[in-house]
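Along the sequence shown, the residues carry numbers beginning at 1.
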Amino acid sequence: LTVIMKTILVLSLLAMLGTGALGAADIWPLPQKAESGMITATIRPNVAFDCQPHMDIVAQAWARQHANMFAHADSPASAATVHSVKVVVASQDESLDLDTDQSYELQAPSKGEVVITAKTAYGALYALETLSQMVAFNFDSKTYEITNTPWSIVDAPRFRHRGLLMDTSRHFEPVKFVRRIVESMSYAKLNVLHWHIVDTQSFPVEVPSFPKLWEGAWTPEERFTLQDVKEAVEFARLRGVRVIPEFDMPGHAGSWCKGYPGICPSPQCNQPLDPTTEQTFTLVDGLIGDMTSVFTDPFFHLGGDEVSTDCWTKTDHINKWLTAHNYTADHAYMYFVERAHQLAIKHQRTPINWEEVFLHFGDKLDKSTVINVWLSHATLAKVVAAGYRGILGNQDVWYLDHLATTWEQFYLNEPFANITDPAQQALVLGGEVNMWGETADGSDVEQTIWPRAAAAAERLWSARDIADTKAALPRLENFRCLLLRRGIAAAPVQNANARTAPPRAGSCSQQ
């Protein structure tokens with residue numbers, strides 16, 4: 001049989017989806033470039049694995065993906081045409097940050113050895129995820145197959161920051177749920193967990209320098225120890241996921257007052273935090289210092305959104321302070337933001353703020369500040385035009401708790417919309433979908449996240465011109481089935497109201 005090779009761009013890859021064949025055409029998110037053939041290869045669970053040089057992080061990833069790929073006992077009589085998987089990593093540096101190279105190449109022949117090459121271990125992790133989605137079990141022959149071999153894939157993400165915000169304040173999410181969410185993120189190649197760990201409603205994390213802060217937790221049982229956090233961050237790193245903490249201030253901080261009422265304006269009006277006392281900034285300094293001991297990412301989210309200054313102007317001692325400094329309430333807001341930035345920078349962290357901070361203060365902010373856009377997509381163009389880096393997470397289409405927002409809307413939300421200057425495009429770090437916790441807890445958070453978060457994941461990974469929802473639908477339905485097979489409670493793709501139950505009997509791919 002003559003092997004007919006097809007050199008394809010990703011759009012050609014999409015044309016294969018109508019065949020219904022499992023294999024690389026079903027990869028989510030879609031690779032940047034691939035070449036394929038027409039032969040079905042076979043592979044067995046006893047396939048040999050080698051990583052050069054040996055790296056524990058890659059070996060552990062292979063063990064996880066081996067379990068994902070080979071969930072059934074194959075026929076003892078089956079013969080494998082692919083006998084081994086080899087991973088070659090150029091660098092043994094396991095540091096993980098915004099600039100970590102995430103690219104990989106994958107060669108899957110019809111016979112012989114699958115070869116993965118990557119510059120870092122994290123590129124290798126993405127390649128193993130891709131490979132795991134290429135292997136399918138044939139229930140009739142009881143063999144594992146890779147269709148359309150030989151495959152040659154050259155892949156890298158379009159954006160470096162592909163995130164999911166998780167809110168553990170409105171409803172506490174136990175550390176096991178945090179880990180499950182991280183695990184599921186890795187299947188879609190999302191690589192940043194934005195951990196909105198505290199808010200007005202509760203303060204569930206231990207801060208050793210100020211041990212009364214977590215008195216603001218819902219209950220004594222609904223808390224994270226510092227060791228819990230450290231282990232969760234390492235769990236994420238081993239899956240290629242960075243963890244950026246958010247401690248929103250000076251607003252959204254009412255829970256801080258239970259343990260330390262002196263940092264709040266008054267018992268009757270407890271937020272924004274009191275900018276007039278050094279006690280406030282001493283606490284913020286200690287908090288950031290303690291958190292940087294476990295959150296190793298160089299970014300630190302300081303919030304800054306929805307700051308109503310009414311408490312400041314209605315509280316006598318703050319009003320007197322404003323008058324003495326010839327400040328308006330907005331001046332005090334800027335004063336607080338600048339002090340918080342200085343403390344983050346002191347602890348070698350780059351500050352991230354919500355959009356309002358930019359809308360209020362514009363180019364007065366330190367140029368290292370990253371702006372997290374949520375109110376309006378249009379603000380992102382203004383952010384990068386002013387020379388700041390930005391992250392997109394606009395509420396109209398990338399808020400997961402907005403249950404009526406369809407997967408198609410998630411899919412078509414283009415970060416570069418109305419940004420044409422390449423220099424300004426380079427300032428767009430990427431984007432995030434947001435899982436706010438007012439109406440979600442461990443009982444429904446997974447099906448609220450998935451599969452719509454996957455639609456955004458492909459927008460942030462794959463080429464910009466991959467934007468055909470009709471072509472994407474069969475692959476997304478297949479990815480939803482993959483999530484279910486891996487134990488993730490993903491809702492039906494076509495739900496009119498996100499996390500609702502399936503409307504009828506049917507296949508996981510036809511709901």
Listed partners of W195 passing ring pair (Phe, Tyr, Trp, His ring centres under 6.0 Å), at least two apart: F224, F295
Those residues that, when tested against H301, pass ring pair (Phe, Tyr, Trp, His ring centres under 6.0 Å) (two or more places apart): H194, W354
Disulfide (SG to SG under 2.5 Å) pairs, two or more places apart, involving residues 393-482: C481-C508
Sub-6.0 Å ring centroid separation between W450 and Y187: no
Pairs touching residues 424-480 that satisfy disulfide (SG to SG under 2.5 Å), sequence neighbours left out: none
Under the side chain to side chain contact (heavy atoms under 4.5 Å, CB included) test, residues paired with E477 that sit two or more places apart: L473, V493, Q494, S509
For D199, salt bridge (Lys or Arg N to Asp or Glu O under 4.0 Å) partners two or more places apart: R170
Ring pair (Phe, Tyr, Trp, His ring centres under 6.0 Å) against F177, all qualifying residues, sequence neighbours excluded: none
Under the side chain to side chain contact (heavy atoms under 4.5 Å, CB included) test, residues paired with T100 that sit two or more places apart: L96, D97, T120, Y122
Partner residues of H347 under the ring pair (Phe, Tyr, Trp, His ring centres under 6.0 Å) criterion, sequence neighbours left out: none
Pairing residues for A498 by the side chain to side chain contact (heavy atoms under 4.5 Å, CB included) criterion, not counting sequence neighbours: L403, R452
Partners meeting side-chain hydrogen bond (donor to acceptor under 3.5 Å, both in side chains) with R158 (sequence neighbours left out): E414
Counterpart residues, side chain to side chain contact (heavy atoms under 4.5 Å, CB included), relative to E105 (two or more places apart): Q107, T117, V154
